[in-house]
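See structure below.
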Amino acid sequence: MSVVLTSGRTARDPGALLDLEAVGRYVLGRRTPQGGYSFYRVPEWNVEEPSAPDTLAALDSLAILGIDPPEPEQTAGWLGGLQDSDGGYPTWTIGWAVLRSLELLGATPRRSPDVWLRSWAEGSGQSEGARDWRAALQDELRLAELLQLSGAASGASEQKRAAELLAAGRDPLWGWAKRGVELESTAVALCLAMTAGLPWELEAEEARVEELLRACEDESLGLTISPGAGMTSVGAIWGGLWLARALGVRLRHPGAIGASLALLQRLDGGLGDRHRAISTLQATWQGLDAACLLEQLQEEQK
């Protein structure tokens, strides 16, 4: 999920945490001849398979970097070709990524996706039984985002389902998700509550989330994935920073957070999900957004 919560942030200090020029070269180098983007693009091997989620991550990254996407009309045309004749999309993830990407490009879908979006909002295709709670929260957030994008606020039925999902997927002690509380899922859950317009017991939730943040702070890593995890990731860094800024919490080890973030950048300029992991466009977007969040927190808390 990719989760997309940039809110117009832009990078200001190229030398602060990341080599932003190298990041820009990496992202632009992932553009395929079709106009979409692929994190595993290898032209010399004739691997040119763009995807909608990668294209969204690339466009979001370019927006943060202040770089105009090359040939935006071609990219919009490729995205338009992913829509079915009835206005729907092959999967919910593809549809969400296409519509968000078109929004960033200032373009519109070829056909109205309203019927497809309504079928999603009414629960068609939703998982039943045992759940991947992180994915379930992510999907519900994407739905809330698209409803907002279409100009339709979440209705009573969407709010009820989101509230039930949040209640069912909550860890009894700290945040989200059940059977594996972590910073990233907790950030997604609270963003879902805000985007869907759900009322929540702010004081009680703030106390629990701050307790989770404190339990994940680490002198060496800055922020860990979850309490006692002993490791970090781009999602954990992003989630912890998002929560800290949303709640106005002063983190204890901003220098260590910045150092962990810098270690995620690879020789090709992109960022990996964890130290020494391969670069991906999704991790690159989250890392850029996290760098902006850390910058803003430090500015606001001076």
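Residues: numbered from 1 along the sequence shown.
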Checklist entry - If we only count heavy atoms from C-beta on, is the I278 to D268 side-chain gap below 4.5 Å? => result no

Checklist entry - E140 side chain to L192 main-chain N or O, any donor-acceptor pair under 3.5 Å? => result no

Checklist entry - What is the minimum heavy-atom distance between L281 and S38, and which atoms define it? => result CD1-C, 3.9 Å

Next on the checklist: Can you tell me how far apart NE2 (H275) and OG1 (T232) are? Round to the nearest 0.5 Å.
Outcome noted: 12.0 Å

Checklist entry - Does R41 reach the main-chain N or O of R31 with its side chain, forming a donor-acceptor pair under 3.5 Å? => result yes

Item to check | SB check R214 E211 (cutoff 4.0 Å) | outcome: no

Checklist entry - Side-chain contact, heavy-atom cut-off 4.5 Å: E145 with E103? => result no

Checklist entry - Would you say the side chains of T280 and Q282 form a donor-acceptor pair under 3.5 Å? => result no

Next on the checklist: Among L251, I257, T224, exactly one meets side-chain contact (heavy atoms from CB on, under 4.5 Å) together with E217. Which residue is that?
Outcome noted: L251

Checklist entry - Quick one: does L212's side chain get under 4.5 Å of D171's, heavy atoms only? => result no

Checklist entry - Which pair of non-hydrogen atoms, one from V181 and one from S226, has the smallest distance, and what is that distance? => result O-CB, 3.0 Å

Checklist entry - Does L18 reach the side chain of L271, with side-chain heavy atoms less than 4.5 Å apart? => result yes

Checklist entry - Would you call L137 and W176 a side-chain contact if the rule is heavy atoms closer than 4.5 Å? => result yes

Checklist entry - Does the side chain of I64 reach to within under 4.5 Å of the side chain of C292, using non-hydrogen atoms? => result yes

Checklist entry - P109 versus V98: any side-chain heavy-atom pair under 4.5 Å? => result no

Checklist entry - For the residue pair T32 and E49, what are the closest heavy atoms and their distance? => result CG2-N, 4.5 Å

Item to check | Parallel, tilted or perpendicular: ring planes of Y89 versus W116, cut at 30 and 60 degrees | outcome: perpendicular

Item to check | Atom NZ of K160: over 12 foreign heavy atoms under 6.0 Å | outcome: no

Checklist entry - So, R118 and E158, do they make that salt bridge, N to O below 4.0 Å? => result yes

Next on the checklist: As an exercise, state the distance from OH of Y37 to OG of S101, rounded to the nearest 0.5 Å.
Outcome noted: 10.0 Å

Item to check | N/O donor-acceptor pair under 3.5 Å between R245 side chain and V249 backbone | outcome: no

Checklist entry - Are L263 and L294 in one and the same hydrophobic cluster, where Ile, Leu, Val, Met, Phe, Trp and Tyr link if side-chain heavy atoms are under 4.5 Å apart? => result no

Item to check | Co-membership, hydrophobic cluster, residues L147 and L149, 4.5 Å side-chain | outcome: yes

Checklist entry - Looking at CZ of R110 and CG of L79, how far apart are the two atoms once the value is rounded to the nearest 0.5 Å? => result 9.5 Å

Next on the checklist: Is there a side-chain contact between M231 and I225 in this structure, where contact means two heavy atoms from C-beta onward sitting under 4.5 Å apart?
Outcome noted: yes

